[in-house]
There are 2 protein chains.
Amino acid sequence: MNAPRITRELVLDTAMRIVENDGVAALSMRRLAADLDVAVTAIYWHVGNRETLVGQLVDRVVGRFGDIAPEGAGPRERVIAVGAALRRRVHAHPHLIALVYEHGRTALMMLPAERALAREVTAAGLAPAHAALVVRAVLHHVVGFALLERAVQRSPAQHPSAAELWGDGAEIGVSPAVAAELARPADPDDLFDRSLRALVAGLLGGPA
Amino acid sequence: MNAPRITRELVLDTAMRIVENDGVAALSMRRLAADLDVAVTAIYWHVGNRETLVGQLVDRVVGRFGDIAPEGAGPRERVIAVGAALRRRVHAHPHLIALVYEHGRTALMMLPAERALAREVTAAGLAPAHAALVVRAVLHHVVGFALLERAVQRSPAQHPSAAELWGDGAEIGVSPAVAAELARPADPDDLFDRSLRALVAGLLGGPA
DNA sequence: ACCTGAACACCGTTCAAGT
DNA sequence: ACCTGAACACCGTTCAAGT
């Protein structure tokens with residue numbers, strides 16, 4: 001009855017460290033075994049195969065997401081605060097988000113934000129069907145935005161460049177001033193804030 | 001000077017068929033070689049390694065995306081029409097979208113829709129900075145929405161179920177009626193349409 | 001209960017050699 | 001110019017065997 005060399009927790013901790021340091025692709029059973037200093041097959045006894053291992057990793061990360069408690073005065077500001085908090089959460093775990101996406105656990109990841117939004121629309125007294133629309137539209141907008149940001153971030157160098165892509169805009173029916181604006185890179189934080197505000201304004205009524 | 005057994009075009013056609021039929025994971029160099037009835041290494045002469053092969057595949061697909069010519073009366077309806085057309089495009093190539101995402105080619109994929117939107121905001125006479133915001137906010141919303149849809153689609157069976165997740169809502173500060181709405185699965189087409197309309201209303205002004 | 005080692009069926013890629 | 005075959009360094013997984 002010697003003590004086990006490794007435990008399920010130790011395997012998950014080590015796997016998490018590999019993913020956070022070197023990305024998902026670096027998480028192989030052999031690399032994991034090497035880092036744990038055991039034979040590859042020992043891992044299978046504790047966590048099953050790679051698929052279930054990654055599943056446990058995902059569940060651990062999203063399980064650690066606590067409630068979101070928005071600040072702000074009035075439904076609009078508070079709904080926007082929930083959206084911003086959710087985006088910060090996604091950004092805090094860039095590698096693991098890829099795993100969440102791959103494993104279709106996005107619904108689970110969104111749950112705390114979904115509950116927080118549901119509380120806000122309840123407090124605002126919205127009609128149930130409309131309330132559900134607001135919750136879902138904001139969730140989709142925020143998480144979709146964050147997913148897309150990650151994709152654009154690791155975009156290879158653009159060929160042709162944005163500038164020559166738009167030219168002066170004239171030949172494709174776009175005003176030169178608009179073409180010039182679109183040729184410049186966008187500030188993602190600003191874009192997120194303004195588009196979320198527009199969405200919430202459109203959902204809850206009132207001026208943007 | 002015998003005729004070559006395979007060509008670059010033939011390799012790409014075959015690779016595309018594998019991806020569309022069996023998904024990205026099924027596209028291995030050895031499977032591809034088998035389908036082409038040549039040695040694995042022959043592929044390398046024509047298209048380089050797997051990474052560049054997939055890159056060529058992506059460029060081919062997005063290159064075939066033509067212009068988007070929206071219908072509808074007035075800027076709001078026409079902007080919404082562009083968004084809906086872009087989503088239909090993404091849905092038409094479910095497997096390849098994963099490749100586009102993996103390879104950071106989303107910007108290229110969005111380009112026709114970006115141009116179409118730029119035309120509409122030009123025609124509507126919006127101020128340049130605001131025009132660019134409208135274009136980018138709609139693009140991000142639509143593509144992000146589509147990406148998220150794919151993730152949720154292949155979601156494993158939810159445990160716990162949506163119903164027991166929400167309960168009657170009371171203990172988490174959510175009204176029973178709202179909880180009941182959120183416990184039901186959403187209609188993605190309806191959600192897309194309504195949230196896009198809300199966003200555009202918030203961006204362009206006027207009632208949702 | 002927990003771990004090892006051998007084995008199997010896969011990968012992508014390089015390189016010398018053939019025609 | 002175009003293709004083959006051998007070889008290398010990887011994968012995930014199963015299974016019998018050890019303690």
Side-chain angles (χ1 to χ4, degrees), chain A residues 1-60 95-96 98-99 102-105 154 156, chain B residues 1-60 95-96 98-99 101-104 154 156:
Chain A
M1 65 157 291
N2 294 323
R5 296 196 55 185
I6 58 175
T7 65
R8 204 188 81 106
E9 289 306 307
L10 183 58
V11 173
L12 291 179
D13 286 343
T14 309
M16 185 106 82
R17 207 179 55 235
I18 293 174
V19 170
E20 279 176 344
N21 289 340
D22 302 328
V24 191
L27 180 66
S28 73
M29 301 301 270
R30 285 172 152 91
R31 158 77 188 275
L32 187 52
D35 284 17
L36 286 164
D37 197 32
V38 293
V40 199
T41 45
I43 300 167
Y44 286 78
W45 199 91
H46 288 278
V47 292
N49 61 18
R50 189 178 189 274
E51 174 117 6
T52 66
L53 162 61
V54 174
Q56 288 170 271
L57 224 50
V58 169
D59 288 346
R60 162 189 278 211
H95 287 307
L96 286 158
L99 288 184
E102 272 179 45
H103 278 66
R105 292 295 223 283
R154 64 162 178 266
Chain B
M1 63 160 290
N2 294 324
R5 297 193 57 182
I6 58 175
T7 64
R8 205 188 79 105
E9 290 306 307
L10 184 58
V11 173
L12 291 179
D13 286 343
T14 310
M16 186 106 82
R17 208 180 53 234
I18 292 174
V19 170
E20 280 177 343
N21 288 342
D22 303 329
V24 191
L27 180 66
S28 73
M29 302 300 269
R30 285 171 152 92
R31 159 76 187 275
L32 186 52
D35 283 18
L36 287 164
D37 198 30
V38 293
V40 198
T41 46
I43 300 168
Y44 286 77
W45 199 92
H46 288 278
V47 292
N49 60 21
R50 189 178 189 274
E51 174 117 6
T52 66
L53 162 62
V54 174
Q56 289 170 271
L57 224 50
V58 168
D59 288 346
R60 163 188 277 210
H95 287 306
L96 285 158
L99 288 185
Y101 182 70
E102 272 180 44
H103 278 66
R154 61 163 180 266

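Every chain is numbered from 1, with letters handed out A, B, ... down the list of sequences.
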For this session: Could you state the atom-to-atom distance from OH of B:Y44 to C1' of D:dT4 in whole Å?
Result: 14 Å
Exercise. At under 4.0 Å between heavy atoms, what does B:S28 touch on the DNA or RNA strands: base, sugar-phosphate, or nothing?
Worked result: sugar-phosphate
Problem set entry | Length of the line joining B:L36:CG and D:dT4:C1', which is rounded to integer Å | 15 Å
For this session: Check the distance between C:dA9's C1' and B:M29's CE and give it to me in whole angstrom.
Result: 19 Å
Exercise. Within the structure, does a side-chain N or O atom of A:R50 lie under 4.0 Å from either OP1 or OP2 of D:dG12?
Worked result: yes
Exercise. Can you tell me how far C1' of D:dG12 sits from CZ of A:R31, to the nearest Å?
Worked result: 17 Å
Problem set entry | OP1 or OP2 of D:dT13 under 4.0 Å from side-chain N/O of A:N49 | yes
Exercise. Are B:R17 and B:D22 close enough for a salt bridge, meaning some N to O gap below 4.0 Å?
Worked result: no
Problem set entry | Pair assignment for D:dA7, Watson-Crick or G-U wobble, requiring both distances under 3.5 Å | C:dT13
Seminar exercise, completed: B:I43 atom CD1 is separated from D:dC2 atom P, nearest whole Å, by 16 Å
For this session: Using a heavy-atom cut-off of under 4.0 Å over every strand shown, decide if B:R5 touches base, sugar-phosphate, or nothing.
Result: sugar-phosphate
For this session: Please answer whether the main-chain N or O of B:A39 pairs with a side-chain N or O of B:R30 as donor and acceptor at a distance below 3.5 Å.
Result: no
Exercise. C:dT19 pairs with which nucleotide, Watson-Crick or G-U wobble, both distances below 3.5 Å?
Worked result: D:dA1
Problem set entry | Nearest-nucleotide comparison on DNA chain D, the residue closer to the 5′ end among A:L27 and B:A39 | B:A39
Problem set entry | Check against side chain to side chain contact (heavy atoms under 4.5 Å, CB included), A:L53 and A:M29 | CA-CA 10 Å; A:L53 162 61; A:M29 301 301 270; 4.2 Å; yes
For this session: Give a yes or no on whether the backbone of B:L27 and the side-chain of B:R50 come within a donor-acceptor separation of less than 3.5 Å.
Result: yes
Problem set entry | Interatomic distance where CZ belongs to B:R8 and C1' belongs to D:dC3 [whole Å] | 19 Å
Problem set entry | Earlier contact from the 5' end, DNA chain C, for A:W45 and B:E51 | A:W45
Problem set entry | Below 4.0 Å: OP1/OP2 of D:dC3 and any side-chain N or O of B:H46 | yes
Problem set entry | Spacing of B:L53 atom CG relative to C:dG12 atom P, expressed in whole Å | 10 Å
Exercise. Is there a donor-acceptor pair closer than 3.5 Å between any side-chain N or O of B:N49 and the backbone N or O of B:T52?
Worked result: yes
Problem set entry | Nearest-neighbour nucleotide for the B:I6 side chain, C:dC3, C:dT14, D:dC3 considered | D:dC3
